[in-house]
> 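I'd like to ask you about the structure that follows.
Nothing here was measured: the structure is a model prediction, and the numbers come from that model.
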There are 4 protein chains.
Amino acid sequence: MSASSSQTKNTQRERLEAKEQSILKAATDVFTALGVDGTTMAEIARRAHIAEGTLYLYHKNKQDLLAVVVGNFWAELTKGALTAVDSSLPVIGQLKQLATYHLTALIQQFDMVGLTYRARLRHGEPEYQLPKIREYVRVFDQIIERGINRKELSEALPLWQCRDVFYGSLEYSARTLRLREIQFDLTVVEQLLVMFQPYKINEASAAKAGPSETSTNTRLARIEVQLASLLQEKAQR
Amino acid sequence: MSASSSQTKNTQRERLEAKEQSILKAATDVFTALGVDGTTMAEIARRAHIAEGTLYLYHKNKQDLLAVVVGNFWAELTKGALTAVDSSLPVIGQLKQLATYHLTALIQQFDMVGLTYRARLRHGEPEYQLPKIREYVRVFDQIIERGINRKELSEALPLWQCRDVFYGSLEYSARTLRLREIQFDLTVVEQLLVMFQPYKINEASAAKAGPSETSTNTRLARIEVQLASLLQEKAQR
Amino acid sequence: MSASSSQTKNTQRERLEAKEQSILKAATDVFTALGVDGTTMAEIARRAHIAEGTLYLYHKNKQDLLAVVVGNFWAELTKGALTAVDSSLPVIGQLKQLATYHLTALIQQFDMVGLTYRARLRHGEPEYQLPKIREYVRVFDQIIERGINRKELSEALPLWQCRDVFYGSLEYSARTLRLREIQFDLTVVEQLLVMFQPYKINEASAAKAGPSETSTNTRLARIEVQLASLLQEKAQR
Amino acid sequence: MSASSSQTKNTQRERLEAKEQSILKAATDVFTALGVDGTTMAEIARRAHIAEGTLYLYHKNKQDLLAVVVGNFWAELTKGALTAVDSSLPVIGQLKQLATYHLTALIQQFDMVGLTYRARLRHGEPEYQLPKIREYVRVFDQIIERGINRKELSEALPLWQCRDVFYGSLEYSARTLRLREIQFDLTVVEQLLVMFQPYKINEASAAKAGPSETSTNTRLARIEVQLASLLQEKAQR
DNA sequence: GATGAATGAGTATTCATTCAT
DNA sequence: TATGAATGAATACTCATTCAT
């Protein structure tokens with residue numbers, strides 16, 4: 001009897017869970033297809049095969065529903081990214097995997113970027129950082145941390161500046177590629193990785209003495225960035 | 001009489017021009033302050049001291065008005081950028097100037113970025129590239145072209161990929177800096193310039209392999225040591 | 001030409017005025033017939049032959065429209081009361097006229113009493129005294145003041161207590177009479193006037209205690225006998 | 001065992017009764033605090049610690065629940081009034097007690113008056129007399145009847161007109177006093193009692209012959225009211 | 001050109017009530 | 001009895017746009 005009751009409870013929960021998923025699926029589809037303003041709660045309800053009022057049992061209002069939809073997207077992206085990155089590789093390789101994954105995903109689901117901007121808007125506050133985005137962003141941070149721990153990257157790497165360049169470049173590129181109807185562009189990724197050269201710790205460098213010309217440029221670049229970072233700090237003080 | 005009429009016409013034109021400016025000023029203010037959805041044509045008319053109907057003599061509809069407002073912003077940005085960049089400098093210096101200008105401007109008027117996204121949306125099409133933005137983007141392209149012409153940059157530089165990284169990084173960074181209430185961050189700019197190192201043509205390299213190279217190495221080593229000690233200090237704090 | 005313009009202006013004003021009246025007429029009818037909750041803005045607009053949105057050009061919202069409708073009622077009532085009362089009569093006579101007028105009017109338009117209660121409700125405050133009601137109430141006060149000035153009424157008369165009894169009785173009675181489908185009941189009015197007896201100043205009393213008194217007594221006695229017999233008759237029926 | 005079952009049954013009944021009371025308490029609180037429109041069945045259920053659906057096992061719908069709440073109020077008022085009135089006193093004294101009790105109670109729970117109006121509204125019918133109010137009103141009638149039986153009051157007293165004046169005055173006064181934040185005003189009560197003077201049978205009158213001046217006024221007033229009543233009847237025929 | 005009154009389509013949200021469990 | 005998830009009708013209000021002066 002307790003089993004049956006637990007069974008029933010289970011079924012109930014599953015039903016609610018299924019309904020919740022159904023709503024999110026419908027909402028995602030409609031928001032994606034029609035944009036925030038083009039979307040009506042009625043249409044979402046229709047596609048989820050529920051009554052309009054039921055939507056409000058699961059989500060406080062349209063804005064909240066949008067936030068959940070967007071949050072879900074980034075949560076899924078986080079999962080995918082963790083899968084896509086092989087942490088046994090050298091960090092530069094990992095960053096390439098992450099960049100590739102990110103760029104590909106954004107190109108495919110670029111509408112979500114627009115929705116994300118809308119979901120971030122809060123009445124009063126200028127903008128709002130969705131928690132799920134923060135989690136996603138951590139994937140990048142973790143790779144960098146790993147790199148530093150493994151002595152593959154210099155501690156001097158300015159974390160959040162690099163992070164912004166990384167994600168900013170990819171997002172912007174995704175928009176452009178979308179417009180040009182290109183599925184993917186490796187150059188963007190490669191270009192991005194150049195950014196990390198100055199922080200790359202060359203294990204071989206100690207071994208071989210010969211300072212090649214390339215090495216000079218690299219060293220200069222590294223110095224310049226580090227100097228900029230120090231100056232910045234000083235300016236802020 | 002023709003003089004008087006031309007006079008009048010002139011005055012008339014000036015009046016219309018002034019009214020147009022008044023409308024754009026009002027529209028910019030309201031859109032910026034209240035966002036696209038918070039803005040009403042009535043409020044814009046009120047602030048421009050004209051009747052609601054008059055707005056429609058100057059602009060087809062709200063969406064078009066927004067497009068003009070946003071277009072104006074980018075046109076102004078173009079003007080400013082052209083002023084900010086000294087084309088007599090080495091291209092890297094020019095890029096640094098442009099990046100600095102762009103980042104500063106975006107941080108100061110970040111609301112415009114949001115409006116830009118909204119202005120790009122067209123019913124049906126996924127997104128739309130505003131002509132004024134294209135013009136702005138050309139400023140970057142011209143610097144690169146100049147660099148290639150002057151043999152400062154390799155022809156191998158992948159133009160639009162670099163461009164996307166350039167603008168994408170700065171835009172994204174601007175958002176972040178805005179959130180952190182930071183006015184400017186040189187690191188972002190410097191970081192970005194690293195990207196162009198691989199395409200930098202070292203005129204001295206091919207020509208001379210003389211003693212200056214040794215000296216360069218020596219100086220570099222000295223600087224690196226100093227930097228390392230500074231970073232160490234910082235890390236200990 | 002100035003005439004034509006003034007004419008036009010006049011016409012315009014008249015049109016707006018007419019529209020305003022049309023709205024109020026429609027609103028009054030609908031509120032009266034269907035009650036506050038039964039009334040929809042759409043129905044009012046329909047009956048006023050205007051668009052729904054137009055209602056909001058004339059009245060901020062439903063609650064405000066109701067307040068105006070109710071206010072109008074009391075303003076009209078004030079006018080009527082001033083007409084109904086002949087200030088040359090002894091005050092008791094005036095009060096009788098006012099009471100008669102008030103009772104009759106309330107019986108005929110009793111729905112307005114219910115609307116009045118609803119119009120008085122403000123969000124937050126417990127209740128709210130409509131200005132137009134205050135003006136109406138002044139009609140009573142003025143009669144009393146007049147009476148006191150003319151030495152027909154004692155200054156000892158507790159003004160607002162009497163006023164409340166006056167209006168309270170009539171309003172409550174109006175409800176009852178409405179339920180019983182009675183158009184008017186003089187008894188209520190007469191009953192009410194008894195209240196003022198203690199404050200009536202008998203000019204003759206102090207001056208003369210002469211023969212008229214005897215005569216009065218005689219006449220009273222005669223009337224009392226006749227009345228008693230009539231009442232007896234009535235009782236037997 | 002039968003005892004135990006009866007015990008259980010008893011407990012069950014008590015439980016139901018307790019739940020019913022809990023619902024009514026919650027409903028009364030919410031209706032009083034938030035008004036009819038501000039009240040939701042969900043909130044009542046929440047405060048009564050039951051499910052929404054359960055409310056409908058005890059009360060057909062919101063309107064009915066309101067009616068019960070309001071009915072309860074008047075039933076309680078009836079109880080209180082019967083306690084407050086000492087039927088051994090002269091009727092005028094009893095009326096004074098009733099008036100005092102009524103006024104005090106209404107001032108304290110004035111929100112109930114508003115709820116009463118709303119409870120009386122029926123779809124279609126203009127208004128509806130709640131049974132519990134009728135019972136309450138009987139308290140007044142009984143005092144009057146007693147007075148007539150005891151020969152303290154004249155049979156000529158027009159019962160329901162007096163009743164309406166009685167309750168109407170007090171209700172209206174209660175509203176006013178509430179607004180002025182006054183707890184009680186004896187003047188109102190005293191004022192009201194004047195109304196009964198004309199019907200007061202002066203036992204002493206037969207004993208003492210001297211028709212005082214006061215007596216004249218009183219006799220006149222009495223006659224006037226009785227005449228009005230007779231004329232009324234005639235008019236209705 | 002300028003006006004501003006008029007329009008009316010468009011929708012998020014609430015909540016009394018029901019009913020499967 | 002009790003539950004509480006589901007329902008869906010019902011509506012005040014906004015505002016971009018138009019058009020008669």
> Where do A67(D) and A119(D) come nearest, in terms of heavy atoms and distance?
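The pair with the smallest heavy-atom distance is CA-CB, 4.2 Å.
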> Taking all non-hydrogen atoms of both residues, which atom of F31(A) and which atom of L115(A) are closest, and how far apart?
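That closest heavy-atom pairing would be CB-CD1, 3.7 Å.
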> Quickly work out the I44(A) CD1 to dT11(E) C1' distance and round it to whole Å.
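For the pair I44(A) CD1 and dT11(E) C1', the rounded distance is 12 Å.
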> Do the side-chain N or O atoms of K19(C) get closer than 4.0 angstrom to the phosphate oxygens (OP1, OP2) of dA5(E)?
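False: K19(C) side-chain N/O out of range (4.0 Å or more) of dA5(E) OP1/OP2.
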> How close or far is atom P of dA5(F) from atom CD of E20(A), stated in whole angstroms?
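Computing the E20(A):CD to dA5(F):P distance gives 13 Å.
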> Please tell me which of H49(A) and G53(B) maps to the more 5' nucleotide of DNA chain F, matching each residue to the nucleotide holding its nearest heavy atom.
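The 5'-side residue here is H49(A).
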> Could you tell me which non-hydrogen atom of T28(A) sits nearest to which non-hydrogen atom of L24(A), and how far apart they are?
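That closest heavy-atom pairing would be OG1-O, 2.6 Å.
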> What does the 5'-to-3' dot-bracket notation of DNA chain E look like when only Watson-Crick and G-U wobble pairs under 3.5 Å count, and pairs to other strands show as |?
.||||||||||||||||||||
> Could you check which of dT3(F), dA6(E), dA6(F) has an atom nearest any side-chain atom of L57(D)?
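Of the options given, the side chain of L57(D) lies nearest dT3(F).
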> K62(A) has a side chain; which of dA12(F), dA6(F), dT13(E) sits nearest to it?
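Between dA12(F), dA6(F), dT13(E), the one nearest the side chain of K62(A) would be dT13(E).
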> Atom CG of L34(C) and atom P of dT11(F): how far apart are they, to the nearest Å?
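Distance check: L34(C) CG to dT11(F) P gives 11 Å.
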> Please report the shortest heavy-atom distance between I23(A) and A48(A), naming the atom on each side.
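Heavy atoms of I23(A) and A48(A) come nearest at CA-CB, 4.0 Å.
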> By nearest nucleotide on DNA chain E, pick out whichever of L16(C) and N61(A) is the more 5' one.
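Here L16(C) is the residue nearer the 5' end.
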> Considering all heavy atoms of both residues, which atom of K132(C) and which atom of A75(C) are nearest to each other, and what is their separation?
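Smallest heavy-atom distance, with atoms named: CD-CB, 4.0 Å.
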> Looking only at the side chain of T54(B) (C-beta and beyond, no hydrogens), which of the listed nucleotides dA16(E), dA2(E), dT7(E) gets closest?
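Looking only at side-chain atoms, T54(B) lies closest to dA2(E).
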> Between Y56(C) and Y58(A), which has a closest nucleotide on DNA chain F that is more 5'?
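First, find each residue's nearest nucleotide; the 5'-ward one identifies Y58(A).
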> Which residue pairs satisfy the side chain to side chain donor-acceptor pair (under 3.5 Å) criterion with at least one member in residues 59-75 of chain D, sequence neighbours excluded?
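Of all non-adjacent pairs touching residues 59-75 of chain D, those that pass side chain to side chain donor-acceptor pair (under 3.5 Å) are E20(D)-H59(D), W74(D)-T116(D).
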> Expressed in angstrom and rounded to an integer, what is the separation of K60(C) atom NZ from dT14(F) atom C1'?
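Checked: the NZ to C1' distance equals 15 Å.
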> Can you check whether any acceptor in the base of dC15(F) is under 3.5 Å from a donor in the side chain of E52(B), or vice versa?
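Answer is no: no donor-acceptor pair is held.
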> Nearest whole Å is fine: how far is dT18(E) C1' from M41(D) CE?
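It is 12 Å, rounded to the nearest whole Å.
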> More 5' along DNA chain E: A42(A) or A42(D), using each one's nearest nucleotide?
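Its nearest nucleotide lies further toward 5', so the answer is A42(A).
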> Without decimals, in angstroms, what is the distance between I23(D) CD1 and dA2(F) C1'?
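That distance rounds to 11 Å.
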> Checking I50(D) against I44(D) for the side chain to side chain contact (heavy atoms under 4.5 Å, CB included) test, could you report, in this order, the C-alpha distance in whole Å, the side-chain angles of both residues, the deciding distance, and whether it holds?
CA-CA 9 Å; I50(D) 58 168; I44(D) 294 174; over 6 Å; no
> Find the distance D64(B):CG to dT17(F):C1' and express it as a whole number of Å.
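Whole-Å distance recorded here is 13 Å.
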> What is the distance, to the nearest angstrom, from the CZ atom on R46(C) to the P atom on dT11(F)?
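It is 14 Å, rounded to the nearest whole Å.
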